[in-house]
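Structure, as structure tokens:
Naming: A, B, ... by sequence-line order, numbering from 1 per chain.
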Amino acid sequence: MTRKQRFQYVIDYFLHHAPDAETELLYDNPYQLLVAVILSAQCTDKRVNMTTPAIFEKYPDADSLSKATFDELFPFIRSISYPNNKTKHLIGMAKMLQEQFNGEVPLTVEELVQLPGVGRKTANVITSVVDQQPNMAVDTHVFRVSARIGLTLNAKTPLATEKQLIQHIPKELIHIAHHWLILHGRYVCVARNPKCEKCGITAVCKYYQKNVAVKK
DNA sequence: ATCCCGAGGG
DNA sequence: CCCTCTGGAT
């Protein structure tokens, strides 16, 4: 099977089985999505969603969040990974939104990565989810799943994974393909003991063929 | 002990 | 490239 055929098989499968895949983070506008994605670093979406409603109620926009003090905001974030960093990042991010972007979330990767707490992955999430830009955010799930299936070849960094995926996935499908890989990684192709018996694409999966199929 | 939609700094 | 940040779930 060629690499092109592998991509085609995977795309066809998810187009049929997950045509409406989308983020599981709770949000109502770009500002809320940005806050949620910053909080999601090394933390499950489920746990982020437990904290964001209270944050959005007290800090409904960049203006109110920019005026928060560390001690006011910290308790909301305390039970998430890296609460110190994330509290600082959120306030700093909101201040820069106010000072440089009229309180609105910019929708280019170049502008987004200037914000405290926003790196390439977060910028790709915002621009692809809010604006359907053909940017591929590579998180731990996308990285792992792509490597296992064989969508990526010898990709050792998230950036390498991003470039290979963008090269092989049609532009108009990149933003949804991100969610296909995320959700597949979260519920089926999990890090430890992947649930290959539940997986619909083992026929083209390098990991399955190497580690599972041979033992049967 | 390992993992979760990483970012910043050295 | 490396390291640190750092809590909860499994």
Separation of the P atoms in B:dC5 and C:dT4, to the nearest angstrom:
24 Å
From CD1 of A:Ile126 over to P of B:dA7, roughly how many Å is that when rounded to an integer?
10 Å
Side-chain touch A:His16/A:Ile11, heavy atoms, less than 4.5 angstrom
no
DNA chain B-proximal residues of residues 55-73 of chain A, any heavy atom under 4.0 Å
none
What is the distance, rounded to the nearest whole Å, between atom CZ of A:Phe143 and atom P of B:dC4?
12 Å
Describe the nucleic acid contact of A:Val125 in one word from base, sugar-phosphate, nothing, applying a heavy-atom distance below 4.0 Å.
base
Relative to each other, are the rings of A:Tyr31 and A:Phe56 parallel, tilted or perpendicular (30° and 60° limits)?
tilted
Pick the P atom in C:dG8 and in B:dA7, then give their distance to the nearest Å.
22 Å
Per-nucleotide protein contact along nucleotides 2-10 of chain C, 5' to 3', at a 4.0 Å heavy-atom cut-off (B base, S sugar-phosphate only, - neither), is ---BBBSSB
For A:His184 and A:Ile201, the nearest pair of non-hydrogen atoms, with its separation, is NE2-CD1, 3.9 Å
A:Asn102 and A:Glu104: side chain donor to acceptor below 3.5 Å
no
What residues, two or more places apart in sequence or in another chain, satisfy salt bridge (charged side-chain N to carboxylate O under 4.0 Å, His left out) together with A:Arg120?
A:Glu162
Please report the distance, rounded to the nearest Å, between CD in A:Gln114 and P in B:dA7.
15 Å
Of the non-hydrogen atoms in A:Pro194 and A:Arg148, which two are nearest, and what is the gap between them?
CB-NH1, 3.6 Å
Sugar-phosphate only, base, or nothing, as touched by A:Thr122 at under 4.0 Å among non-hydrogen atoms
sugar-phosphate
side-chain hydrogen bond (donor to acceptor under 3.5 Å, both in side chains) contacts touching residues 110-119 of chain A (sequence neighbours left out)
A:Thr108-A:Glu111
Rounding to an integer number of Å, can you tell me how far A:Ile38 CD1 sits from B:dC5 P?
17 Å
Distance, C1' atom - from C:dT6 to B:dT2, rounded to whole angstrom:
14 Å
When the ring planes of A:Phe14 and A:Trp180 are compared, do they come out parallel, tilted or perpendicular, using 30° and 60° as the limits?
parallel
Rounded distance (Å) that lies between atom C1' of B:dC5 and atom CG of A:Asp45:
6 Å
Sorted by position of nearest nucleotide on DNA chain B, 5' first, the leading residue of A:Ala191 and A:Ala123 is A:Ala191
Distances for protein N or O near nucleotides 8-10 of chain B N or O, under 3.5 Å:
unit_1, atom_1, unit_2, atom_2, d
B:dG8, OP1, A:Gly117, N, 2.7

Quick one: are A:Val212 and A:Glu197 in side-chain contact, heavy atoms under 4.5 Å?
no
Where along residues 157-179 of chain A does a heavy atom come under 4.0 Å from DNA chain B, residue by residue in number order?
A:His178, A:His179
Does A:Arg186 have a side-chain nitrogen or oxygen under 4.0 Å from the phosphate oxygens OP1 or OP2 of B:dC4?
no
Closest heavy-atom pair, A:Glu24 versus A:Asn49, reported as atoms and distance to 0.1 Å, is O-ND2, 2.9 Å
Whole-Å distance, A:Arg144 CZ to B:dC5 P, equals 9 Å
Roughly, in whole Å, what's the span from OH in A:Tyr187 to C1' in B:dC3?
15 Å
Verify whether one side chain among A:Gln164 and A:Arg3 offers a donor that lies under 3.5 Å from an acceptor in the other.
yes
Using a 4.0 Å heavy-atom cut-off across all strands, classify A:Ala137 as base, sugar-phosphate, or nothing.
nothing
How close do A:His89 and A:Ile38 get, counting heavy atoms only, and between which atoms?
CB-CG2, 4.5 Å
Indicate whether the side chain of A:Asn135 and that of A:Thr127 have a donor and an acceptor atom separated by less than 3.5 Å.
yes
Is there a path of hydrophobic side-chain contacts, each under 4.5 Å between heavy atoms of I/L/V/M/F/W/Y residues, joining A:Leu112 to A:Val109?
no
Mind calculating the distance between NZ (A:Lys86) and C1' (B:dA7) to the nearest angstrom?
10 Å
Interatomic distance, A:Lys195 atom NZ to A:Cys189 atom SG [nearest 0.5 angstrom]:
11.0 Å
